[in-house]
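What follows is a short report on a single structure.
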Amino acid sequence: MLYTISTSPYYSDFDSLISLLTEQDEVLLLQDGVLLGHKISSANKDNNFLMQLKDKGIQVFVLQNDLEARGLMPYMSSYVRQISYVDFVQLTVKHPQYFAW
């Protein structure tokens, strides 16, 4: 299943989301959800939310246009794959079911 996250992880029930995810699921970050993919700049490491996704083996994507609009490109984790709108459509074809978070 494809999970789209469009809100900041700081304003959502991230623990509930983590409990739903399996290794077969993929996560797409868009709008303010792109904040989930940033690195902690002072330590140059992934934030706790992203670490939990990595620990579960979840593949994480970010919509490049939303990332650019927020000026976060230099702060994105290398674990998060940047994709275009065309790639977004391909993800929706791959996952007929999705959950908007």
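Through direct or indirect side-chain contacts shorter than 4.5 Å among Ile, Leu, Val, Met, Phe, Trp and Tyr, Leu2 is connected to Leu28, Leu30, Phe61, Leu63, Ile83, Tyr85, Phe88, Leu91, Tyr98.
Residues passing the salt bridge (charged side-chain N to carboxylate O under 4.0 Å, His left out) test with Lys54, sequence neighbours excluded: Asp46. Contacts of Tyr10 classified as side chain to side chain donor-acceptor pair (under 3.5 Å), with partners at least two apart in sequence or in another chain: His38.
Between the CG atom of Leu21 and the CD atom of Gln52 there is a distance of 10.5 Å, given to the nearest 0.5 Å. For the atom pair CG of Leu20 and OH of Tyr3, the computed distance is 5.0 Å after rounding to the nearest 0.5 Å. Rounding to the nearest 0.5 Å places CG of Asn65 at 10.5 Å from CZ of Arg70. For the atom pair CD of Gln82 and OG of Ser78, the computed distance is 10.5 Å after rounding to the nearest 0.5 Å. The distance from the CD atom of Glu68 to the CG atom of Asp66 is 9.5 Å, given to the nearest 0.5 Å. If you take CZ on Arg81 and CD on Gln64, they are separated by 11.0 Å, rounding to the nearest 0.5 Å.
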Test side-chain contact (heavy atoms from CB on, under 4.5 Å) on Val60 and Val62 and set out the steps. CA-CA 7 Å; Val60 182; Val62 64; over 6 Å; no
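In this structure, Asp25 and Lys56 have side chains that are not in contact, with every pair of non-hydrogen atoms separated by 4.5 Å or more. Here the side chains of Leu36 and Leu53 are in contact, with some heavy-atom distance below 4.5 Å.
Between Leu50 and Ser77 the shortest heavy-atom distance is CD2-CB, 3.3 Å. Closest approach of Ser16 to Trp101, counting heavy atoms only: CB-CH2, 4.0 Å. For Ser6 against Gln31, the heavy-atom pair with the smallest separation is CB-OE1, 3.4 Å.
Between Phe14 and Phe49, the ring planes lie perpendicular to each other; the angle is over 60°, past the 30° to 60° tilted range.
Of the possible polar contacts, none joining the Asp32 side chain to the Thr7 backbone as a donor-acceptor pair under 3.5 Å is found.
One hydrophobic cluster holds both Ile18 and Val80 under the rule that ILVMFWY side chains link at heavy-atom gaps under 4.5 Å. When the side chains of ILVMFWY residues are joined at heavy-atom separations under 4.5 Å, either directly or via intervening members, Met51 and Leu35 end up in two distinct hydrophobic clusters. Under a hydrophobic-cluster definition in which Ile, Leu, Val, Met, Phe, Trp and Tyr are linked whenever side-chain heavy atoms come within less than 4.5 Å, directly or via other members, Val86 and Leu29 are assigned to different clusters.
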